[in-house]
Engineer: 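Following this message is one structure expressed as structure tokens.
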Amino acid sequence: MRIDLHTHSTVSDGTDDPADVVRKAAAAGLDVLGLTDHDTAASWPEAAAAAEEAGLTLVRGMEVSTKLGRSSVHLLAYLPDPAYPPLQEALDKVLDGRNQRVPAICDKLQALGIDVTVDDVRRVSEDAAATGRPHVADAMIAAGAVRTRAEAFDGYLNPGGRAYVERYAAPLRETIGTVADAGGVTVLAHPWGRSSRAELTPEVLADLAAAGLSGLEVDHLDHDAATRDRLRALARDLDLVVTGSSDYHGAGKAGHPLGCETTDPAEYERLVTQAADAARASGRAAPPVLVP
Ligand code: AMP
Ligand code: ZN
Ligand code: FE
Ligand code: FE
């Protein structure tokens, strides 16, 4: 059984629409797909219909932008009730922050002589529910200012870069609780990748585990072999689920093909069991894993 639990569609900053992600996942030989667009559940209905058709198991998820101290932390949330009002409110605040940031980034680009407007960004983000820096990067590519998203990030959009603008992110601990109350489970995405390693010390991870965190995404391309070994040992000590995933973004992120990293079936079973327990405890109508 091949399981990939972290992917993106055009509903956020991926380049394939949700049905295409599902179809490509099936074609890539995956049995279980987690679709986890940034800060929204808007991809779920289309993905569910495609999964049924493709005979693929779909785990409905999202990757929530959170903050711990000064660090940005990406929190994968699986199978929460998306209609739970506190979760909706938390996501709306993040999405508002995303939208408010776009004009500020465009102002900085204009000041640097790069003619990218909010309308240009909207044109490339189309109907994405979550607008992100990758869409600004795409608008910069369309304007001929850079050749790739990576070039836009390295030259302008990374934290500290010439056109970087901060945005709102939800408080991490509180969000773990909100997702649990919505009947879902949480996994830290690429915890020791670029943005969150300094803040997520072993002590903090223990504290988050006690606060209800279910797992760590250990097998991610942002982690080298030594990092994975240390994280895996920590997960074992803290009784956290270990996941592995591609973080696929279609053509938007080179080198992350579907299924390039996968989750062990036994770990996946632990995760969905915890989600079922959370759903029962919450009394919410959390979505089940969609099994064809
Ligand atoms: P934002 O959601 O606006 O904060 O932008 C961050 C997102 O941009 C991340 O979740 C990645 O999906 C993407 N990203 C970050 N760095 C790069 C890069 N160098 N090339 C392409 N995409 C990137
Ligand atoms: Zn992304
Ligand atoms: Fe991420
Ligand atoms: Fe991601």
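In this text the structure is predicted, and so the values were computed from the model without any measurement. Values below: every heavy atom of this structure, side chains too, minus hydrogens, waters and symmetry copies. Each ligand, and each atom within it, is numbered from 1 in the order the structure gives.
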Engineer: Is there a polar contact between ligand 1 and Arg101, counting only N or O atoms under 3.5 Å apart?
Structural biologist: yes
Engineer: Got a salt bridge between Asp120 and Arg123, using NZ or NE/NH1/NH2 to carboxylate O under 4.0 Å?
Structural biologist: yes
Engineer: Would you mind checking if Asp277 and Arg280 are paired as a salt bridge, meaning a charged N to carboxylate O distance below 4.0 Å?
Structural biologist: yes
Engineer: Measure the distance from atom 10 (O) of ligand 1 to every protein heavy atom, then report the residue, atom name and distance (to 0.1 Å) of the closest one.
Structural biologist: His38 CE1, 3.1 Å
Engineer: Give the intermediate values and the outcome of salt bridge (Lys or Arg N to Asp or Glu O under 4.0 Å) for residues Asp20 and Arg23.
Structural biologist: CA-CA 5 Å; Asp20 276 333; Arg23 283 191 284 266; 2.9 Å; yes
Engineer: Of the side chain and backbone of Asp247, name the one, both, or neither that has a heavy atom under 4.0 Å from an atom of ligand 1.
Structural biologist: neither
Engineer: Heavy-atom pairs closer than 4.0 Å: do any link ligand 1 to the side chain of Glu63, the backbone, both, or neither?
Structural biologist: neither
Engineer: Taking backbone and side chain together, does His38 place any N/O/S atom at a distance below 2.8 Å from the Fe ion (ligand 3)?
Structural biologist: no
Engineer: Numbering the atoms of ligand 1 from 1, which are under 4.0 Å from a heavy atom of Arg149?
Structural biologist: 21 (C)
Engineer: Can you confirm if the NZ or CZ of Arg162 lies within 45° of the ring axis of Tyr156 and under 6.0 Å from the centre of its six-membered ring?
Structural biologist: yes
Engineer: Below the 3.5 angstrom mark, is there an N/O of Arg133, backbone or side chain, next to an N/O of ligand 1?
Structural biologist: yes
Engineer: Could you check whether the rings of His74 and His190 sit parallel, tilted or perpendicular, using 30° and 60° as the cut-offs?
Structural biologist: perpendicular
Engineer: What atoms of ligand 1 come within less than 4.0 Å of a heavy atom belonging to Ala150?
Structural biologist: 19 (N), 20 (N)
Engineer: Mark up the atoms of ligand 1 that fall under 4.0 Å of a heavy atom belonging to Gly132, in ascending order.
Structural biologist: 3 (O)
Engineer: Please name the atom of Asp247, restricted to N, O or S, that is closest to the Fe ion (ligand 4).
Structural biologist: OD1
Engineer: Would you say the ring centroid of His8 lies under 6.0 angstrom from that of His38?
Structural biologist: yes
Engineer: Can a non-hydrogen atom of Ser65 be found less than 4.0 Å from any atom of ligand 1?
Structural biologist: no
Engineer: Kindly confirm or rule out an N or O of Thr131 lying under 3.5 angstrom from an N or O of ligand 1.
Structural biologist: no
Engineer: For atom 13 (C) of ligand 1, grab the closest protein heavy atom and report residue, atom and distance to one decimal in Å.
Structural biologist: Pro134 CG, 3.7 Å
Engineer: List the closest protein heavy-atom neighbour of atom 7 (C) of ligand 1: residue, atom name, distance to the nearest 0.1 Å.
Structural biologist: Asp13 OD2, 3.7 Å
Engineer: Specify side chain, backbone, both or neither for Arg167, according to which of its non-hydrogen atoms lie closer than 4.0 Å to ligand 1.
Structural biologist: side chain
Engineer: Can you name the N/O/S atom of Glu63 that is nearest the Fe ion (ligand 3)?
Structural biologist: OE2
Engineer: When you check the gap from the basic side-chain N to the acidic O, do Asp13 and Arg133 get nearer than 4.0 Å?
Structural biologist: no
Engineer: Set out, in order, the CA-CA distance, both residues' side-chain angles and the distance that settles salt bridge (Lys or Arg N to Asp or Glu O under 4.0 Å) for Glu174 and Lys67, then state yes or no.
Structural biologist: CA-CA 10 Å; Glu174 197 179 307; Lys67 209 154 208 115; over 6 Å; no
Engineer: Show the atoms of ligand 1 that are less than 4.0 angstrom away from any heavy atom in His249.
Structural biologist: 12 (O)
Engineer: N/O to N/O below 3.5 Å, does that happen between Arg98 and ligand 1?
Structural biologist: yes
Engineer: Of all the atoms in ligand 1, which lie at a distance below 4.0 Å from a heavy atom belonging to His74?
Structural biologist: 10 (O)
Engineer: Output the atom name for the N/O/S atom of His74 with the smallest distance to the Fe ion (ligand 3).
Structural biologist: ND1
Engineer: Counting backbone and side-chain atoms alike, does His190 have an N/O/S atom under 2.8 Å from the Fe ion (ligand 3)?
Structural biologist: yes
Engineer: Inspect the contact between Arg228 and Glu261 and indicate whether a charged nitrogen and a carboxylate oxygen are less than 4.0 angstrom apart.
Structural biologist: yes
Engineer: Could you check atom 22 (N) of ligand 1 against the protein and tell me its nearest heavy-atom contact, residue, atom and distance included?
Structural biologist: Phe153 CE1, 3.8 Å
Engineer: Is there a side-chain contact between Trp44 and Met62 in this structure, where contact means two heavy atoms from C-beta onward sitting under 4.5 Å apart?
Structural biologist: yes
